[in-house]
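Notes to accompany the following structure.
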Amino acid sequence: MRKLSNNNEEIRHEYRLLLNKAKKKGRLSREELSLLLKPQNIVEEDALFSAADSRRKEAVGDAVHLRALIEFSNFCRCNCLYCGLRRKNDKAARYRMTGDEIVDIAHEAVKLGYRTVVLQSGEDPWYTGARVSAIIRRIKAISDVTVTLSLGERTFEELRDWREAGADRYLLRHETANPLLYAKLNPQRKLSTRLKTLEHLRQLGYQVGAGFMVGLPDQKVEDLAEDLLLLQNLDVEMAGIGPFIPHPQTPLGDKKQGTLSLTLRALAAARLLIPCAHLPATTAIRSIDPQGWLKALKAGANVLMLNLTPPVHREKYKIYPDKYSTGGTPASVRQSITELIHSLGRTVAEDRGDSPKPQFQRSECPL
Ligand code: 5AD
Ligand code: SF4
């Protein structure tokens with residue numbers, strides 16, 4: 001008994017030292033990061049979350065940024081083993097929204113006070129470079145609204161044209177920084193190509209978002225440490241982190257789900273390593289725990305992406321089962337989320353919510 005408590009004391013002490021180093025320097029080695037994330041160090045989990053929460057406050061403040069998410073097509077040419085939208089899932093009912101439908105929702109979002117519209121889809125070549133450019137131009141003409149794209153790996157020319165059409169940000173999760181795991185989970189794809197595309201986005205002047213899943217089959221804590229170091233090396237403006245959730249219509253349907261605890265630890269560690277980044281409390285976190293958004297907002301997150309996709313389509317955007325969906329109208333959702341944010345003593349951001357790092361000058365976070 002005594003030995004156990006000594007052990008605990010020792011773990012506690014080492015963990016605190018590590019946390020202090022992370023807080024002060026914002027840099028840790030792969031080994032140190034792994035220790036920070038390891039489940040046996042759970043005794044100090046709350047210390048990690050509160051360190052991330054105060055770092056969040058210092059770096060990006062109390063305002064929570066709300067983004068309007070439009071999932072406009074669930075067609076996908078890829079076959080990611082984890083995803084319900086994979087091309088080979090012939091049980092998935094597919095849909096595409098028209099340009100008019102998309103622009104109408106963007107209008108509604110702006111009227112409700114959203115300053116950012118996120119256009120997301122599977123990798124769907126039906127939306128050619130020109131079609132997407134036209135949609136971006138129409139949305140940018142509405143008012144001073146920011147457009148974030150999340151359309152997968154596209155050619156340099158397409159990404160360039162969309163930037164010229166007015167797109168401001170691009171989300172492209174790296175999924176996992178372990179190249180072998182990446183190759184196993186993403187047939188016909190390579191991590192190096194993914195990183196090249198992220199580099200293209202950077203060259204083109206986008207605010208860049210990457211991110212990863214937690215609890216993928218065969219993923220080690222050391223892999224998560226690499227994921228975090230990659231975010232730091234890429235100097236991303238945004239990062240999406242969520243648990244892996246097995247989808248029965250995929251080859252990984254019988255694998256274990258990622259845990260909330262490890263996901264929140266990865267999120268908190270991200271806040272310490274990239275303090276000025278926008279970090280959403282992701283839908284996947286909310287999908288595995290009804291308190292998920294609250295917990296994430298208290299462990300480093302400062303963004304919520306609210307789904308404005310019409311319900312008929314939304315229920316078909318099934319990346320994983322039991323994906324959380326806000327009930328009610330877009331107006332009532334915004335209202336109840338605002339109340340949730342106020343209940344935390346936080347505010348809803350009124351600005352565009354650009355990265356606090358001046359664009360084109362990387363690593364300009366004042367901290
Ligand atoms: N569980 C959790 N997240 C998933 N994604 C895809 N499939 C799953 C799953 N089964 C994530 C990927 C992708 C994003 C659109 O959703 O990280 O980039
Ligand atoms: Fe397509 Fe994205 Fe799903 Fe992969 S994760 S199958 S790219 S929608």
Side-chain angles (χ1 to χ4, degrees), residues 67 69 71-83 85-87 116 118-133 135-136 146-213 216 223 226-242 270 274 277-280 282 305 319 354-355 357 359-360 362-363:
R67 318 297 199 196
L69 175 65
E71 297 164 332
F72 64 86
S73 161
N74 69 350
F75 280 85
C76 190
R77 64 182 168 197
C78 300
N79 260 315
C80 308
L81 260 54
Y82 37 78
C83 179
L85 302 187
R86 64 199 307 267
R87 179 166 41 101
T116 295
V118 183
L119 301 181
Q120 189 159 64
S121 69
E123 265 189 39
D124 183 0
W126 187 89
Y127 294 89
T128 56
R131 281 182 173 147
V132 175
S133 290
I135 294 167
I136 296 168
T146 309
V147 171
T148 303
L149 302 178
S150 177
L151 314 182
E153 286 177 31
R154 305 287 298 238
T155 65
F156 182 85
E157 290 70 28
E158 287 169 327
L159 299 173
R160 184 197 57 206
D161 291 352
W162 298 341
R163 179 88 184 106
E164 277 170 16
D168 304 275
R169 313 188 187 123
Y170 204 104
L171 304 173
L172 185 71
R173 288 188 178 185
H174 66 274
E175 313 295 5
T176 170
N178 176 334
L180 296 177
L181 189 56
Y182 188 98
K184 226 165 49 179
L185 296 175
N186 300 274
Q188 292 110 42
R189 288 284 164 104
K190 285 198 318 209
L191 179 62
S192 55
T193 319
R194 194 81 165 176
L195 298 179
K196 192 97 215 138
T197 308
L198 283 163
E199 191 48 44
H200 287 161
L201 294 169
R202 176 64 74 204
Q203 283 167 17
L204 290 165
Y206 282 96
Q207 294 171 47
V208 179
F212 57 93
M213 279 171 284
L216 287 165
D223 295 322
E226 291 291 358
D227 283 317
L228 292 162
L229 291 173
L230 179 61
L231 293 181
Q232 194 166 42
N233 286 334
L234 292 171
D235 198 15
V236 290
E237 281 79 27
M238 308 167 286
I241 299 171
I274 44 170
H278 285 312
L279 300 176
T282 54
M305 291 165 72
I319 300 173
D354 286 314
S355 164
K357 292 191 297 173
Q359 250 188 301
F360 310 114
R362 297 171 63 179
S363 301

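Count residues from 1 along the sequence.
When all heavy atoms of Gln120 and Ser150 are compared, the pair lying nearest together is NE2-OG, 2.9 Å. Taking every heavy atom of both residues into account, Val236 and Ala239 meet most closely at CG2-CB, 4.3 Å. Closest approach of Thr193 to Glu153, counting heavy atoms only: CG2-OE1, 3.8 Å. A pairwise comparison of heavy atoms in Pro280 and Met305 identifies CB-SD, 4.4 Å as the closest pair.
The structure places SG of Cys80 at 4.5 Å from CG of Asn186, a figure rounded to the nearest 0.5 Å. Distance check: Thr155 OG1 to His200 NE2 gives 9.5 Å after rounding to the nearest 0.5 Å. One distance of note links CG of Leu151 with OH of Tyr127; it measures 10.5 Å at 0.5 Å rounding. One finds the CZ atom of Arg194 at 11.5 Å from the OG1 atom of Thr176 (value rounded to the nearest 0.5 Å). Interatomic distance, Leu234 CG to Leu229 CG, rounded to the nearest 0.5 Å: 11.0 Å. Expressed to the nearest 0.5 Å, how far CD of Glu71 lies from CD1 of Ile319 amounts to 6.5 Å.
Checking Gln188 against Asn79 by side-chain atom types alone, no donor-acceptor pair falls below 3.5 Å. With hydrogens and angles left out, the side-chain atoms of Ser73 and Asp124 include a donor and acceptor closer than 3.5 Å.
Taking 4.0 Å as the cut-off between side-chain N and carboxylate O, Glu123 and Arg87 do not count as a salt-bridged pair. With salt bridges taken as basic N to acidic carboxylate O contacts below 4.0 Å, none links Arg189 and Glu175.
Annotation: cation-pi pair Arg163/Tyr206 present, NZ/CZ under 6.0 Å from the ring centroid and within 45° of its normal.
At a threshold of 4.5 Å between non-hydrogen side-chain atoms, the residues Arg169 and His278 do not count as touching. For the pair Leu172 and Thr197, the minimum side-chain heavy-atom distance is below 4.5 Å. Using a 4.5 Å heavy-atom threshold, the side chains of Leu159 and Trp162 count as touching. Looking at Leu198 and Tyr170, their side chains never come closer than 4.5 Å, going by heavy atoms from C-beta outward. Between Leu231 and Phe212, some side-chain heavy-atom pair lies under the 4.5 Å cut-off. Using a 4.5 Å heavy-atom cutoff, the side chains of Val132 and Glu158 are not in contact. For the pair Arg160/Gln203, no side-chain contact is recorded, criterion being any heavy-atom separation below 4.5 Å from C-beta on. Side-chain contact between Tyr182 and Asp223: absent, with no pair of heavy atoms (C-beta onward) separated by less than 4.5 Å.
One N or O on the side chain of Glu237 and one on the backbone of Val208 form a donor-acceptor pair closer than 3.5 Å. Proximity of a side-chain donor or acceptor of Arg173 to a complementary backbone N or O of Met213 within less than 3.5 Å is not detected. A donor-acceptor pair under 3.5 Å links the side-chain atoms of Thr282 to the main chain of Ile241, judged by distance alone.
In this structure Ala177 satisfies the side-chain contact (heavy atoms from CB on, under 4.5 Å) test together with His174, Glu226, Asp227, Leu230, sequence neighbours excluded.
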Practice task
Could you please spell out the steps behind the side chain to side chain contact (heavy atoms under 4.5 Å, CB included) verdict for Leu149 and Ile136?
Solution key: CA-CA 9 Å; Leu149 302 178; Ile136 296 168; 3.9 Å; yes

